[in-house]
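Below, chain A is the first sequence line, B the second, and so on; all start at residue 1.
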2 protein chains.
Amino acid sequence: MENSQLKKAGLKITHPRVKILTILENSDKRHWSAEDVFKELMLSGEDVGIATVYRVLTQFESAGIVTRHNFSDGHSVFELDHGEHHDHMVDLDSGEVVEFMNDEIEKIQHAIADEHGYDLVDHSLVLYVKKKS
Amino acid sequence: MENSQLKKAGLKITHPRVKILTILENSDKRHWSAEDVFKELMLSGEDVGIATVYRVLTQFESAGIVTRHNFSDGHSVFELDHGEHHDHMVDLDSGEVVEFMNDEIEKIQHAIADEHGYDLVDHSLVLYVKKKS
DNA sequence: ATGAATGCAAAAACTTTGCATGACG
DNA sequence: CGTCATGCAAAGTTTTTGCATTCAT
């Protein structure tokens, strides 16, 4: 269960951390903003501050439990890290998000950074699409 | 000059708009945050409020004069729209922005959208990098 | 017990908005 | 002249931080 995951990450088993991890794991929802998580906690009657939500999600990110995406409207979303990296495709009409992964693109990105004298630390690739007509 | 561009965009010829467009056009700097533009105005002794800078840049965006990029540290940069597409690489230490363009990546993106039954409308690719050590 | 974690409120950083004044056409 | 644009300050958003208190081990 959640406790072992937290222990493995070197995090103390606290109420907020267990609760937040449980929420992330027991939902179909994949992408959570801090606010989303906070509201879900409220609904469950949990008394956790928004500051703690941010702190815990950031710790989870450091621990590799979640991945943080900074979407372009300037707010972050978090999703459980399944170990497989992927990028996102957003349907401009429906708002639907599709995940995809392409080794070739990943490879080229590293090459490009390298050519410019940099190490690639992270990247963000989002395709904005519409259903074929 | 600037006036005709503004007229073509249906924007009244006002002092702040002319000044800001002039700054963008007469500089080697490509990427401007609102704050950057504001500081440049101050240096020129212009008395323009930061709110106006944001308003004008947003109008320029609507008019297709500039492109807005939302970087993931939660602030926007604007650049003159030259019509040629390119992607960005951001140095996480210095904040420096490098432009690049890779046909192969562009091609693959179209293929991916296509495979999923979509048309690619737009995309955003940002590489976050650090100088090689 | 003791150091880490939490909640609260306040601060920070960036951007938008309300409103009275001033400028453009 | 009638709008539209501007400046200022105040409010909004999202996220972080300081600090006293509470909790896990």
Visitor: May I ask you to decide if the ring planes of B/His86 and B/His69 are parallel, tilted or perpendicular, using 30° and 60° as cut-offs?
Guide: tilted
Visitor: Going by salt bridge (Lys or Arg N to Asp or Glu O under 4.0 Å), B/Arg30 matches just one of B/Glu25, B/Glu96, B/Glu99. Which one?
Guide: B/Glu99
Visitor: Is any side-chain N or O of A/Ser76 closer than 4.0 Å to OP1 or OP2 of D/dT14?
Guide: no
Visitor: Regarding B/Glu79 and B/His88, is there a side-chain donor-to-acceptor distance under 3.5 Å anywhere?
Guide: yes
Visitor: Rounding to a whole Å, what distance do you find between B/Arg68:CZ and C/dC14:P?
Guide: 14 Å
Visitor: Closer than 4.0 angstrom, basic N to acidic O: yes or no for B/Asp119 and A/Lys131?
Guide: no
Visitor: For the helix from C/dA1-D/dT25 to C/dG25-D/dC1, what angle separates the axis at the start from the axis at the finish, each from five pairs, in steps of 10°?
Guide: 30°
Visitor: Quick one, which residues of residues 38-46 of chain B touch DNA chain C with a heavy atom under 4.0 Å?
Guide: none
Visitor: Could you report the tightest heavy-atom contact between A/Leu120 and A/Asp122, atom names first, then the distance?
Guide: CD1-O, 3.3 Å
Visitor: Atom CG of A/Leu11 to atom C1' of C/dT6: distance rounded to whole Å?
Guide: 14 Å
Visitor: How many whole angstroms separate atom NZ of B/Lys7 from atom P of D/dA5?
Guide: 15 Å
Visitor: What are the two closest non-hydrogen atoms of A/Asp81 and A/Gly64, and how far apart are they?
Guide: CB-O, 3.4 Å
Visitor: What's in the same ILVMFWY side-chain cluster as A/Val66, cut-off under 4.5 Å, chained through other members?
Guide: A/Leu6, A/Leu11, A/Ile13, A/Val18, A/Ile20, A/Leu21, A/Ile23, A/Leu24, A/Trp32, A/Val37, A/Phe38, A/Leu41, A/Met42, A/Val48, A/Ile50, A/Val53, A/Tyr54, A/Val56, A/Leu57, A/Phe60, A/Ile65, A/Phe78, A/Leu80
Visitor: What is the distance from atom CG of B/Leu127 to atom CD of A/Gln109, rounded to the nearest 0.5 Å?
Guide: 5.0 Å
Visitor: Using a cut-off of less than 4.0 Å, is there contact between a side-chain N or O of A/Tyr54 and OP1 or OP2 of D/dT16?
Guide: no
Visitor: Could you tell me how far apart B/Asn70 (CG) and C/dC14 (P) are, to the nearest whole angstrom?
Guide: 13 Å
Visitor: If every non-hydrogen atom of B/Tyr128 is compared with every non-hydrogen atom of A/His123, which pair is closest and at what distance?
Guide: CD1-CA, 4.0 Å
Visitor: At a heavy-atom distance below 4.0 Å, what parts of residues 12-26 of chain A sit against DNA chain C?
Guide: A/Lys12, A/Thr14, A/Pro16, A/Arg17
Visitor: What integer distance in Å separates B/Leu6:CG from C/dG25:C1'?
Guide: 14 Å
Visitor: At what distance, to the nearest 0.5 angstrom, does NZ of A/Lys29 lie from CD of A/Glu40?
Guide: 9.0 Å
Visitor: Take atom CD of B/Gln59 and atom P of C/dT15, then tell me their distance rounded to the nearest Å.
Guide: 16 Å
Visitor: With respect to the side chain of A/Asp47, which nucleotide from D/dC8, C/dT16, C/dC8 is positioned closest?
Guide: C/dC8
Visitor: Once side chain to side chain donor-acceptor pair (under 3.5 Å) is applied, what residue pairs with a partner in residues 7-24 of chain A remain, sequence neighbours excluded?
Guide: A/His15-A/Glu46, A/Arg17-A/Gln59
Visitor: Quick one: closest heavy-atom pair of B/Ser76 and B/Arg68, and the distance?
Guide: OG-NE, 3.7 Å
Visitor: Below 3.5 Å between N/O atoms, which protein atoms pair up with nucleotides 17-21 of chain D? Just atom names and distances, please.
Guide:
{"from": "D/dG18", "atom 1": "O6", "to": "A/Arg55", "atom 2": "NH1", "distance (Å)": "3.4"}

Visitor: Check the distance between D/dA10's P and B/Ile50's CD1 and give it to me in whole angstrom.
Guide: 17 Å
Visitor: Could you check A/Val48 against B/Phe78 and say which one's nearest nucleotide on DNA chain C is further toward the 5' end?
Guide: A/Val48
Visitor: To the nearest angstrom, how far is B/Asp36 atom CG from C/dT15 atom P?
Guide: 11 Å
Visitor: Distance from A/Asp91 atom CG to B/His116 atom NE2, nearest 0.5 Å?
Guide: 12.5 Å
Visitor: Over all heavy atoms of both residues, which pair between B/Ala113 and A/Val129 is shortest? Give the atoms and the distance, please.
Guide: CB-CG1, 4.0 Å
